[in-house]
Amino acid sequence: MQYLESLNPPQREAVETTEGPLLVLAGAGTGKTRVLTTRLAHILSLRKATPHQIMAVTFTNKAASEMRERVSSLLGGLPVEGWWLGTFHALCVKMLRRHAKLVGLESNFTIIDTDDQVRLIKQLMEAENLDTKKWNPKMVASLISDYKDKAKKPSELNANDVGGLCDGKLITLYRQYQSRLRVVNACDFGDLLLHMITIFKDPENKQILDQYRNQFQYILVDEYQDTNVAQYLWLRLLAMREDGRASNICCVGDDDQSIYGWRGAEVGNILRFEQDFPGAKIIKLEQNYRSTKNILAAASHVIAENESRLGKTLWAEAEEGEKLIVKGLWDGAAEARFVGEEIESLHSKKHSLNDIAILVRAGFQTREFEERFMALSIPYKVIGGLRFYERAEIRDALAYFRVTAQPNDDLALERIINTPKRGLGASTIQMLQHTARASQISLYEAIRTVTQTDELRPKVKETLIELVDKFDFWRDQMSKIHHCELAKMILDESGYVDMWKQDKAPDSPGRLENLKELVSAMEEFESFSQFLEHVSLVMENQQKDHAEMVTIMTLHGAKGLEFPIVFLPGWEEGLFPSQRSMDETGLKGLEEERRLAYVGITRARERLYISHAANRMVYGKWVNAMPSRFLAALPDEVVDVQNEVFGRSSHWDSSGQNNHRVSAGADPLPNIVRPTTNDAGDTLAVGARIFHDKFGYGKILHIDGNKIDISFEKAGRKRVLKNFIKKA
DNA sequence: ACTAAGATAGTTTTT
DNA sequence: CTATCTTAGT
């Protein structure tokens, strides 16, 4: 049991407390994953349970596979087989395939994604004559998902819950959506949990719930702070015994890192743990093994401003380390330039680019850095963005596969019914959908029915018969030929590959490549349906690259990761904390933003740069921004403030204590920013976009009497007289 | 039925 | 600003 030796006392206690409910509050960098995996290995090596009797729930597939590897390596490299390890959704699918009949589904049901969801809802709204401009189908879809996250079925909602949404038809829509899903034998992500909860709650199915309760002797849940109500209820159903005692459930999480409230996560779940699971023990992991003292101090001071937290105090034996660099810059471009230069200098000092990460609040912020890095030839990778399975050609191909495997999959059929173009237009499709809805049958069945009549033009009828015949043929081949061969056959015979071959767009060769990659990815799976299941649950692309690169990603994407050097750009009011978060959920939103800041800071091991720009282009308009309030929380003694912005903002000044934080080199006096007016009457201010007859468009950098310094888009930096320019 | 020009809206994201 | 959707025209 040498694996216990390397743990600190609370870590060891968390591993050895195997019986009864346990909450492990693990601060950032305190060895959370290590405790989880060691605990699992411990239970297995003491033979307290067989793998089959263990359930381990993670939030991502990536976390699940990491856990699989780490546990087996702790046990001497032997793979652990037969345990229930996976995401909430993956575990629910496994269960639901067994009991699908109980909620009116066939066990080969399809799992639809957000895109399909929205399209289906839009159709239903149009059928109800709802104005899809007034009520955005996307919004309606997310409302329904929210109800599902809260484990609320249509029957459990009343008019008070939905108000006047969708002209009071929201509950009706939700109900129709569910019944339509049943007809097409499909589930959305929320349903996976909700259906299982429905099954578990029904006294008729008591023996099913009992069977699982008996089976899972040990339950482990990672990232508990990110669970939503439905996930919580599902867990509780499995983890509570009939006599009201909790079984051996161990939840690991950090309330300070709860950053998914906007998609239904309830911090309350972790805050309420002791009440929910009577007799629960709570162990706090507070020793940080990741960051320097300075970085930790910064993180602690930021998060300390939050009201609702359980309260942990991180400490470290590490060195103080370098001070954090807080840099104020003129605009987003200057910020990108600064980061680029700093990275070049770090790289020349033998820091690997792999050690460097840029963590942004929102996806669009990556662009400025990408442009700059391309200009400087700094290799970089953007994590996130559109994923492999989200590309149009991949989704189309998958839609073909889905209809082959499960003809009632309307959403998939609609997607490709006229791709490639077959002359099946909106009117034909509408007629088919109408028939399908009216007779409560799937689109595929509707096509079969309608093509037996003369309601359609002969040409259209012919095309439809040909199409369904092809699908029938492919379905027949499923049991006869290898699934990769079948995939190639489908893509070929459907004309889909030809469609891209004939497309002259510059990206079509790449799309054909992607299709090839898709087919080769199928090799790893045993069957067509197994592959489809994998794809619907695992949307991430697992391509590994060996080259040295800087990582650019969102703060959300960075949770659970660490880097020696971290850049946190865009710390400005409105951007971070995000205005929208604060507008939508007020203090709750602000606190979540602050946790996000905490997550960002604690990703850094050795060096941390935080930057903010005074001016930023937002949706094509220049806006000036104040430094983020989170900066004011950083203790003076751990930061080195370098402000390149001449006029310091009122917020920065108003925080009083920060007034002395201007680096020695800055000389703000000669650079007072004062707008001027030209003879044409245009107000000319620094940062304004202007036009010059000879040099074209540009931006005002500096005003010096009637002479103005301008950065022209084409001509570069020039000094011109104010009367030669006008406002753009 | 298809294409091209206008309108519109626009975090964070996994499953 | 730009990606996406809608509408009008052929």
Side-chain angles (χ1 to χ4, degrees), chain A residues 57-64 86-93 111-119 122 132-133 136-139 142 145 148-149 187-194 222-223 226-228 230-231 258-265 332 359-368 371 383-387 389-390 392 418 420-429 457 459-460 463 533-540 553-560 570 574-585 589 592-593 595-597 599-600 616-623 689:
Chain A
V57 197
T58 59
F59 256 80
T60 61
N61 293 295
K62 200 174 144 211
T87 61
F88 279 101
H89 299 270
L91 297 177
C92 281
V93 174
I111 303 159
I112 65 165
D113 61 17
T114 326
D115 224 62
D116 291 334
Q117 245 184 82
V118 173
R119 277 190 296 138
K122 195 175 171 204
T132 51
K133 274 183 190 142
N136 183 221
K138 232 178 178 168
M139 184 198 78
S142 85
S145 292
K148 292 187 177 182
D149 285 347
C187 257
D188 64 22
F189 283 114
D191 283 337
L192 297 173
L193 276 136
L194 205 43
D222 194 10
E223 308 281 17
D226 288 333
T227 49
N228 62 33
Q231 291 161 337
S258 158
I259 54 175
Y260 285 105
W262 51 274
R263 67 173 203 219
L359 310 180
V360 296
R361 175 64 182 84
F364 68 82
Q365 290 174 264
T366 63
R367 229 192 58 186
E368 229 152 4
E371 281 170 7
I383 310 282
L386 54 127
R387 293 169 293 175
Y389 292 112
E390 282 172 348
N418 200 32
K421 303 259 179 336
R422 301 188 171 89
L424 300 169
S427 56
T428 310
I429 291 164
R457 299 207 317 274
K459 189 87 186 270
V460 173
T463 313
E533 170 126 344
H534 169 84
V535 168
S536 57
L537 290 171
V538 184
M539 292 288 286
E540 60 206 23
M553 60 163 87
T554 63
L555 289 161
H556 284 92
K559 193 166 80 153
L575 181 60
F576 190 44
S578 142
Q579 193 58 50
R580 196 153 160 185
S581 284
M582 294 188 291
D583 290 347
E584 277 169 16
T585 41
E592 184 153 313
E593 294 288 305
R595 291 194 289 268
L596 206 44
V599 168
R616 202 172 279 278
M617 181 83 107
V618 180
Y619 301 142
K621 280 200 175 89
W622 282 103
V623 288
R689 195 172 135 87

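This one's a predicted model, so the numbers in the text were calculated from it and none came from an experiment. All chains are named by letter (A, B, ...) in the order of the sequence lines, taking the proteins before the strands, and each is independently numbered beginning at 1.
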Sugar-phosphate only, base, or nothing, as touched by A:Glu593 at under 4.0 Å among non-hydrogen atoms: base
From B:dT11, B:dT12, B:dT15, pick the nucleotide closest to the side chain of A:Ser581? B:dT11
Quick one: label A:Ser427 by what it contacts on the DNA or RNA (base, sugar-phosphate, nothing), any heavy atom closer than 4.0 Å. sugar-phosphate
Pairwise side-chain contact, A:Phe576 with A:Leu555, heavy-atom cut-off 4.5 Å (strictly under): yes
Could you tell me whether the phosphate oxygens of B:dT15, OP1 or OP2, come under 4.0 Å of any side-chain nitrogen or oxygen in A:Asn61? yes
Straight-line distance of A:Leu192 CG to A:Leu537 CG, nearest 0.5 Å: 7.0 Å
Ranking A:Val460 and A:Gln579 by the position along DNA chain B of their nearest nucleotide, the one closer to 5' is A:Val460
Any base atoms under 4.0 Å from A:Tyr619, or only sugar-phosphate, or nothing? Heavy atoms, all strands. base
What integer distance in Å separates A:Asp115:CG from B:dT15:C1'? 15 Å
Scan A:Asn136 against the nucleic acid and name what it touches under 4.0 Å (heavy atoms): base, sugar-phosphate only, or nothing. nothing
If stacking means aromatic ring centre less than 5.5 angstrom from the base's six-membered ring centre, planes under 30°, is A:Phe59 stacked on B:dT14? no
Does A:Gly425 or A:Phe88 map to a spot on DNA chain B nearer the 5' end, using the closest nucleotide for each? A:Gly425
A:Asp113 CG to B:dT14 C1': how many Å, rounded? 12 Å
Spacing between A:Ile259 atom CD1 and B:dT12 atom P, to the nearest angstrom: 13 Å
Length of the CG-P vector between A:Asp226 and B:dT15, whole Å: 12 Å
With a non-hydrogen cut-off below 4.0 angstrom, is A:Gly190 in contact with a base, only sugar-phosphate, or nothing? nothing
Report yes if some heavy atom in the side chain of A:Glu592 is under 4.5 Å from a heavy atom in the side chain of A:Met582; otherwise report no. no
Could you check how far CZ of A:Arg616 sits from C1' of C:dC1, rounded to whole Å? 15 Å
What's the shortest heavy-atom distance between A:Ala230 and A:Leu193, and which atoms? O-CD2, 4.1 Å
A:Leu424 atom CG is separated from B:dA1 atom P, nearest whole Å, by 8 Å
Taking CD from A:Glu371 and C1' from C:dC1, how many angstroms apart are they, rounded to a whole number? 11 Å
Do A:Arg361 and B:dT11 have a side chain to base donor-acceptor pair shorter than 3.5 Å? no
Within the structure shown, what part of the strands sits under 4.0 Å from A:Arg367 by heavy-atom distance: base, sugar-phosphate, or nothing? sugar-phosphate
Just to be sure I understand the rule, does A:Lys421 reach a base, reach only the sugar-phosphate, or reach nothing, if contact means heavy atoms closer than 4.0 Å? sugar-phosphate
Of the nucleotides B:dT11, B:dT15, B:dC2, which one has an atom closest to the side chain of A:Phe189? B:dT15
Side chain A:Asn418, main chain A:Gly423, donor-acceptor under 3.5 Å: yes
Measure the distance from CE on A:Met139 to P on B:dT11 and round it to the nearest whole Å. 16 Å
State whether the side chain of A:Thr227 and the backbone N or O of A:Glu223 hold a donor-acceptor pair below 3.5 Å, judged by distance alone. no
Reckon A:Thr554 has a side-chain N or O less than 4.0 Å from the OP1 or OP2 of B:dT13? yes
Report yes if a side-chain nitrogen or oxygen of A:Lys122 is closer than 4.0 Å to either non-bridging phosphate oxygen (OP1 or OP2) of C:dT6; otherwise report no. yes
The side chain of A:His556 is closest to which nucleotide in this list: B:dG10, B:dT12, B:dT15? B:dT12
Could you tell me whether the side chain of A:Thr60 has a donor or acceptor atom within less than 3.5 Å of a complementary atom in the base of B:dT14? no
Heavy-atom side-chain contact between A:Asn228 and A:Tyr260 under 4.5 Å: no
Pair assignment for B:dT11, Watson-Crick or G-U wobble, requiring both distances under 3.5 Å: none
With sugar-phosphate meaning primed atoms plus P, OP1 and OP2, does A:Ser578 contact a base, only sugar-phosphate, or nothing at under 4.0 Å between heavy atoms? base
Kindly say if A:Asn418 contacts the phosphate of B:dC2, meaning a side-chain N or O under 4.0 Å from OP1 or OP2. yes
